[in-house]
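Inspection log for the structure reproduced underneath, given as structure tokens.
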Amino acid sequence: MLNDALDAFTEDTIQILGKHSVRVGNFTGIREWKVKTTPEELIKSVTPLEFPAWGKNWTLHVQIASGTQAPFYPFNTAPVPGIHIGISLDNKTFAERLDYKNADFLVVCRYIEALLGEVQCDNEQSLNRMHNIDLSNSISLPGGNIYYYSPIPLNQIPSPTSILGRESYSKEHRRPVIIDLHLNFDKKSNQTKADLRMIWKYRNQNIEVYNQDNQENKVELGVFGPPLDSDSFIGPRIVFGDSNNPKPTMLSVFSRTLVDSFFNSSISPSQSFHPHFNTLIKYLTIEDKCKDYILYTLPNSFFVDIYQLKDMFSDEQIKVWGETDLESPVGMTSLKWGSLVLITKQNSGDVDHFEFNLPLHMRYQPAISGNKQKNHVFTTAPWPFVIRVCENDAPEPLFAPTPLPLSLLFPSTSEIKYIFPKQEFLQHNFWPKVVVGIPVGQLSYLKLVEWWTVLMSLISCVWVIWTIKNKVQWKYEGNNNKID
Amino acid sequence: MHLPRLNFTILCLMALLLRLGMLIYGEWQDAHMQVKYTDIDYKVFSDAARFVIQGESPYKRATYRYTPLLAFLLTPNIYIHKSFGKFLFVFADIVVGVLIYRILRLRGLQDQKAVNYSAIWLLNPVVSNISTRGNAESLLGAAVLLTLYLVLVKKIIAASILYGISVHLKVYPIIYAISLLVLLDDEDYRGLRRKGKEKELDRDSLKYWTGKVVRFVNPTRIKFGLISGGVFFLLNGIMYYLYSQEFLNETYLYHVTRKDHRHNFSLWFYYIYLTFDISKSSIMALLAFLPQISIVTLLGIVFGNDIFFACFVQTFAFVIYNKVCTSQYFMWYICLFPLIIQSSTIKFFYKGLFMLFAWIGGQALWLYQAYNLEFLGENTFFNIWLASIVFFMANVWILTEFVQNHVYEKCFDLGKIRKIWEVEEEDMSNGQSSNNGL
């Protein structure tokens, strides 16, 4: 069976070009490039800076996902498009001093700056850069985790001169759809580790893979597909430097998706300061020892009123992390990037569907200048993750690592399965989002408003004082002598 | 207008029943309907009280911007019943009504009229709705009115203590300091007449005014200032000791430096929103502040001896000129309104009615635009600002009408309360007409 399967891979499909290079022709699918190294190795290629030794355990997880967040069916789903940064420090949070005066936080920031570029690590740093990542706007999650998210487009970060920018360009002259990096320092063994993974998507393209960097490292290439059954893929595997004959290998992939279950989200009204984010899930199966969740990622234009939610739902049913300020407008520097809202489906209720209506509120937007016709600012939020978390040990997912922040919220030993939106909402492989129009003030009116406000105030002041004066005079002239 | 004859005790019972009915209805609505009866502020108070019981700062509750004293007062919300605070506010409502009646009677108003004017507060559905929803304004109204009552009956020490507490509870009663100090003079309040000497001096002479300034500092005023100031700073000291800078920031500094970018009745709202991110010139900051402070001060100085009218118009002016103006601020002067009606020459039909329509109509116009903005998401910012101008000017007109048509009557003469309306009532019974607002 294996040899028969290998027949599918002709010389045109996979060509050995030399001891350290292979071409895969007319490839359609997903390519994953993975390397295990150390942070020091990763960084030294780019910057001569030496970072101080760590005194504590820490983990840094960076994920960058492009706008085309296609689910890598049947493997997994991808993170919400944008940049995700998860930081853990020795099971304690930075929360009390999440600023650049905290030495540990500053070191982590410098690492991330070297990795991504365009990261602000100084309060006095120029904020004129368009796409600054400000880690002091991160939010605290349970277990001592910090999480930062920004929807900055992938073509701006990582910058070409940054470590990840250079690595991705050295492998392929275009951006990956996913960059996934884990850095870890274990104080006990005094060892650091770095796992870097990049994923590209192709359609009918030739790929050439070279291994000329460090010929002592083991580099493997495997090409798998089409699937044998729902779990298995077969294809040839080559180890560079060894025998160049491809060997057949079977790959087992556990489906991460709940087929035949789907959900639909919407926001209503689409223009209001108090919309509702509605999610309706249709299930085919229910599993014991599993719990279903909805995770909303809300940029800070949106917020939930935690006191309102406390009145409406129990603490077990709903959890909120991140920015919960009820009053500040968008643009206040003290605001975090946004918030996460995790809904736990309760066991009671219908088994074949679950509907949840999340009451939201919109922050005031900064007034805009220019076109008087532009009355609204449109702000977006991605559809939520709808997941089933089971207590089984799950193997490391292929081709799409567990998206942040799910990996920060659920134990690594959990198995996470995804319910996707209905197919009609996944057009062009873009993850759907909701859009809300927020009325916004217009700076073109500022002069008018300023002048008339002052004028009204002064005119009225004169009017009132004149009235009081007349009243006093009348009383005085009446020799009443009652008002002095 | 002829209102049915009513005994004050029965009036109070009716007011209590009205409020109890609304409380019971409120509990039902909260339990059965999505739109809750209870004000969001009440939940803020209760949450803050809960934090206090847990040994934490009440300011852990977002948007709790009051003295910790209020949270302490409402701790029974947590360990007795969640509606304890509402009962407290209802009680304060009744106290306000009783004080209105007592003050009017002390100033010589006939019993039935005093009952009728008290009914404006006690049987007012808006007022009872506000307190039964859990808004604490009636508590402050009671504190302010009790201060004025105690001044009226010459219990200066008690009045001073209560005044210090009032200002600690909320900053705005500080504006009454001017009028109260004007009231507490030697001649009228204390009855120490300087016979003859004033008339000899030319009122345009410097000596006359210098003498007045020197005589301004008298034992009563000193006592009042020291005691009320002492109580205020003592309470602040205790709260600062317990909660440090957070207490000062949230209770006072927030209200003083408040720049509310969100829509509210204030004339200044849209300007503040548009310039939220822009540093403004100090001239603009002054222009926002100066009309308010100058008018409030002038009204206090001019009408201080007619203390109830002074407090009413000062509060009215303070609210309309404030940089932030919300509905609950109206309660601050509504509780004083029944005390000035009798001294106004405004006839309800039709000028009074027109003033009422202007006041309500201005709000309705604004609320309509605000609803479209907030719930329908329409861009009505400019319309809201125009509506705020209309409401502002309507209120300024109302203020000038009150001033123009007020029959100024000093509260005291030769150390005694002037029963100003008793004379009028005697005249009425003798067949002469009287100035009558209603």
Side-chain angles (χ1 to χ4, degrees), chain A residues 269-275 305-308 310-312 324-329 331-332 362 364 366-367 374-376 436-443 445-446 448-450 452-454 456-472 474-476 480-484, chain B residues 36 40 43-44 47 61-63 198-199 203 212 260-263 267-268 270-271 273-278 284 287-288 290-292 294-295 298-299 302-303 305-306 317 320-321 373-382 385 388-389 392-393 395-397 399-401 403-404 406 408-410:
Chain A
S270 59
Q271 189 174 285
S272 172
F273 277 96
H274 308 287
D305 182 342
I306 54 172
Y307 305 102
Q308 177 189 25
K310 242 185 223 173
D311 280 344
M312 295 168 71
T324 53
D325 184 288
L326 301 176
E327 296 170 314
S328 297
M332 293 271 286
M362 308 303 296
Y364 263 58
K374 192 178 175 196
N375 290 321
H376 292 77
V436 177
I438 309 170
V440 66
Q442 277 145 346
L443 288 171
Y445 286 128
L446 177 56
L448 176 76
V449 170
E450 188 176 39
W452 276 94
T453 302
V454 169
M456 289 295 115
S457 186
L458 292 176
I459 287 173
S460 66
C461 190
V462 168
W463 184 9
V464 173
I465 292 173
W466 183 258
T467 308
I468 296 170
K469 178 184 172 292
N470 286 344
K471 186 73 178 175
V472 171
W474 178 76
K475 283 296 180 188
Y476 178 56
N480 212 334
N481 214 18
K482 285 179 183 170
I483 304 178
D484 283 330
Chain B
K36 304 297 176 194
I40 190 76
K43 294 183 199 297
V44 174
D47 289 344
R61 193 353 171 143
T63 72
E198 276 180 33
K199 289 193 166 55
R203 280 171 187 269
K212 279 196 88 66
D260 204 332
H261 62 284
R262 292 165 299 171
H263 53 289
L267 176 71
W268 289 93
Y270 199 23
Y271 174 75
Y273 167 37
L274 291 176
T275 57
F276 199 80
D277 280 341
I278 305 169
M284 281 307 291
L287 282 170
L290 215 51
Q292 181 185 39
S294 48
I295 288 173
L298 189 61
L299 287 167
V302 168
F303 295 108
N305 280 312
D306 189 351
I320 61 178
Y321 278 93
L373 174 81
E374 200 165 330
F375 296 101
L376 303 184
E378 293 175 12
N379 193 327
T380 56
F381 280 119
F382 193 75
W385 176 66
S388 71
I389 291 178
F392 175 78
M393 293 312 282
N395 276 271
V396 171
W397 170 68
L399 175 63
T400 57
E401 286 296 323
V403 170
Q404 264 173 355
H406 177 67
Y408 176 85
E409 295 286 355
K410 286 200 287 193

What is the ring orientation for [X] with [Y], classed by angle as parallel under 30°, tilted 30 to 60°, or perpendicular over 60°?
| X | Y | value |
| --- | --- | --- |
| A/His274 | B/Phe375 | tilted |
| B/His261 | A/Tyr364 | perpendicular |
| A/Phe273 | B/Phe381 | perpendicular |

Structural part of [X] lying under 4.5 Å from a heavy atom of chain B:
| X | answer |
| --- | --- |
| A/Met362 | neither |
| A/Leu458 | side chain |
| A/Val440 | both |
| A/Pro269 | side chain |
| A/Asp325 | neither |

Checking B/Tyr273 side chain against A/Gly441 main chain: does a donor-acceptor pair fall under 3.5 Å? yes
Test item: A/Tyr307 side-chain N/O and B/Ala62 main-chain N/O as donor-acceptor pair under 3.5 Å: yes
Should [X] and [Y] count as side-chain neighbours, where that means a heavy-atom distance under 4.5 Å?
| X | Y | answer |
| --- | --- | --- |
| A/Val464 | B/Trp397 | no |
| A/Ser457 | B/Leu267 | yes |
| A/Pro439 | B/Thr380 | no |

Distance check, rounded to the nearest 0.5 Å: [X] atom [atom1] versus [Y] atom [atom2]?
| X | Y | atom1 | atom2 | result |
| --- | --- | --- | --- | --- |
| B/Lys43 | A/Asp311 | NZ | CG | 4.5 Å |
| B/Tyr270 | A/Gln442 | OH | CD | 5.5 Å |
| A/Glu327 | B/Arg262 | CD | CZ | 4.5 Å |
| A/Ile438 | B/Asn379 | CD1 | CG | 11.5 Å |
| A/Trp463 | B/Thr400 | CH2 | OG1 | 4.5 Å |
| A/Lys471 | B/Phe303 | NZ | CZ | 6.5 Å |

Are B/Asp47 and A/Lys310 within salt-bridge range, i.e. N to O under 4.0 Å? no
Mind ranking B/Leu299, B/Val403, B/Leu287 by heavy-atom pairs under 4.5 Å with chain A and telling me who comes out on top? B/Val403
Winner by heavy-atom pair count (cut-off under 4.5 Å) against chain A, out of B/Leu399, B/Leu290, B/Thr63: B/Thr63
B/Trp385 and A/Thr453 side chains, donor-acceptor separation under 3.5 Å: yes
Select, from A/Pro275, A/Ala367, A/Gly331, A/Ser270, the one with the greatest count of heavy-atom pairs under 4.5 Å involving chain B. A/Ala367
